[in-house]
Amino acid sequence: MNLALVLTARTKFPRPETLESAEHHDHPQLGGLFRWYVAGAMLMALGFADWALIAFHASRTGALEASTLPLLYAGAMAVDALGALAFGALFDRHGLLVLAGTTVISALFAPLTFLVPSTSLMVVGAACWAVGMGAQDSIYKAAVAKLVPKEERGRAYGLFFAFFGLAWWIGSATMDWLYERSMTALVVFSVVTQLAAVPLLLFVGLRLRRLEGARR
């Protein structure tokens with residue numbers, strides 16, 4: 001089905017680059033903003049735990065029965081999907097500033113899920129984690145297109161996902177190591193690294209808004 005959709009899109013729009021106006025992304029400062037954006041995204045990824053660690057902790061502490069973990073994950077994916085739709089609409093209105101808000105919300109997942117073995121807190125924490133996933137699925141990818149010229153987007157997406165994935169891997173390995181030694185240190189690491197991304201995302205969002213306003 002996916003292949004059929006790709007082939008259909010290819011047939012109907014053989015040159016998708018022509019769908020975008022040529023006036024976009026011609027400011028010389030945008031390359032610098034892209035680097036700041038990647039740095040912010042990497043900080044967020046450093047503190048964003050993989051779902052496997054959350055599920056393992058929920059089962060290990062007895063906060064949730066193993067049989068209910070798939071339901072928790074399904075609920076988190078529902079929040080992810082609805083969040084992606086909402087964040088996409090907000091992104092169209094307010095730009096990258098939306099990412100600062102979603103990052104603050106996603107930073108709450110660590111204390112809610114890891115500090116106290118509580119079913120209700122685990123559910124709320126999973127929802128906060130899903131907010132971060134929803135932002136990753138929608139805004140984080142869309143933002144790259146705003147920050148680089150269309151001629152450089154292939155390379156920009158490759159660099160973004162390479163650095164983002166590397167940061168997530170380093171962060172996951174660090175949190176796995178901290179999990180067996182200090183739950184408090186794990187939570188502090190997760191929250192601090194994610195919140196450290198907020199000033200960078202705000203800087204990029206505000207600067208990009210001013211640049212786009214100057215071009216109008």
Side-chain angles (χ1 to χ4, degrees), residues 1-2 4-6 8-9 37-38 40-59 63-116 118-147 157 160-161 164-165 167-168 171-172 175 187 190-191 193-198 200-202 204-206 208-209:
M1 177 61 74
N2 286 340
L5 290 173
V6 170
T8 301
Y37 174 66
V38 171
M42 289 179 69
L43 284 170
M44 188 273 181
L46 273 173
F48 197 78
D50 191 80
W51 177 259
L53 183 62
I54 297 174
F56 174 77
H57 180 70
S59 178
L64 287 171
E65 297 291 335
S67 59
T68 62
L69 286 175
L71 295 177
L72 181 66
Y73 183 70
M77 290 300 97
V79 174
D80 176 359
L82 294 175
L85 290 173
F87 302 148
L90 290 172
F91 177 74
D92 290 338
R93 287 172 173 261
H94 306 290
L96 275 166
L97 297 178
V98 179
L99 273 180
T102 61
T103 302
V104 171
I105 295 173
S106 71
L108 297 174
F109 85 83
L112 290 171
T113 55
F114 291 114
L115 284 183
V116 181
S118 165
T119 300
S120 58
L121 291 179
M122 181 67 67
V123 171
V124 176
C128 292
W129 178 88
V131 166
M133 283 298 300
Q136 292 178 37
D137 291 339
S138 56
I139 310 176
Y140 272 92
K141 299 171 183 176
V144 174
K146 279 185 169 287
L147 294 168
Y157 275 112
F160 175 80
F161 284 111
F164 187 86
W168 197 342
S172 296
M175 284 186 278
V187 170
S190 176
V191 172
T193 52
Q194 289 187 80
L195 292 183
V198 173
L200 292 178
L201 297 173
L202 285 174
V204 175
L206 291 171
L208 182 62
R209 175 178 285 187

Identify every side-chain donor-acceptor pair in residues 87-104 under 3.5 Å, counting partners at least two apart or on other chains, and give the distances.
from	atom 1	to	atom 2	distance (Å)
Thr102	OG1	Leu99	O	3.0
Thr103	OG1	Leu99	O	2.7

Would you please name every residue forming a side chain to side chain donor-acceptor pair (under 3.5 Å) with Ser118, sequence neighbours left out? Ser120
Ala126 meets the side-chain contact (heavy atoms from CB on, under 4.5 Å) criterion, sequence neighbours left out, with Trp51, Leu72
For Phe161, the ring-ring contact (aromatic ring centres under 6.0 Å, His included) test, sequence neighbours excluded, returns none
For Met133, what residues pass the side-chain contact (heavy atoms from CB on, under 4.5 Å) criterion, not counting sequence neighbours? Phe48, Asp80, Trp129, Gln136, Asp137, Trp168
Return the minimal non-hydrogen interatomic distance between Leu53 and Met175, and the atom names on each side. CD2-CB, 4.2 Å
Rounded distance [0.5 Å steps], CE in Met42 versus OH in Tyr37: 13.0 Å
Determine, step by step, whether Thr119 and Thr68 satisfy the side-chain contact (heavy atoms from CB on, under 4.5 Å) criterion, reporting the C-alpha distance in whole Å, the side-chain angles of both residues, the deciding distance to 0.1 Å, and the verdict. CA-CA 11 Å; Thr119 300; Thr68 62; over 6 Å; no
Side chain to side chain donor-acceptor pair (under 3.5 Å) filter on Ser106, not counting sequence neighbours, yields Gln194
Compare all side-chain heavy atoms of Phe164 with those of Val38 and state whether any distance is below 4.5 angstrom. no
Kindly give the heavy-atom pair with the smallest separation between Ala197 and Leu43, and that separation in Å. CB-CB, 3.8 Å
Leu112 and Cys128: which non-hydrogen atoms are nearest, and at how many Å? CD1-SG, 4.0 Å
How far apart are the closest heavy atoms of Ala41 and Tyr140, and which atoms are they? CB-CE2, 3.7 Å
What's the spacing between Leu82 CG and Met77 CE if we round to 0.5 Å? 11.5 Å
Tightest non-hydrogen contact, residues Val191 and Pro111, listed as CG2-CD, 3.7 Å
For Phe56, is there any backbone N or O sitting under 3.5 Å from a side-chain donor or acceptor partner on Ser59? no
For Phe109 against Ala49, the heavy-atom pair lying closest together: CZ-N, 3.4 Å
Atom OH of Tyr157 and atom NZ of Lys141: how far apart are they, to the nearest 0.5 Å? 9.5 Å
Can you tell me how far the CG atom of Leu108 sits from the CG atom of Leu121, to the nearest 0.5 Å? 11.5 Å
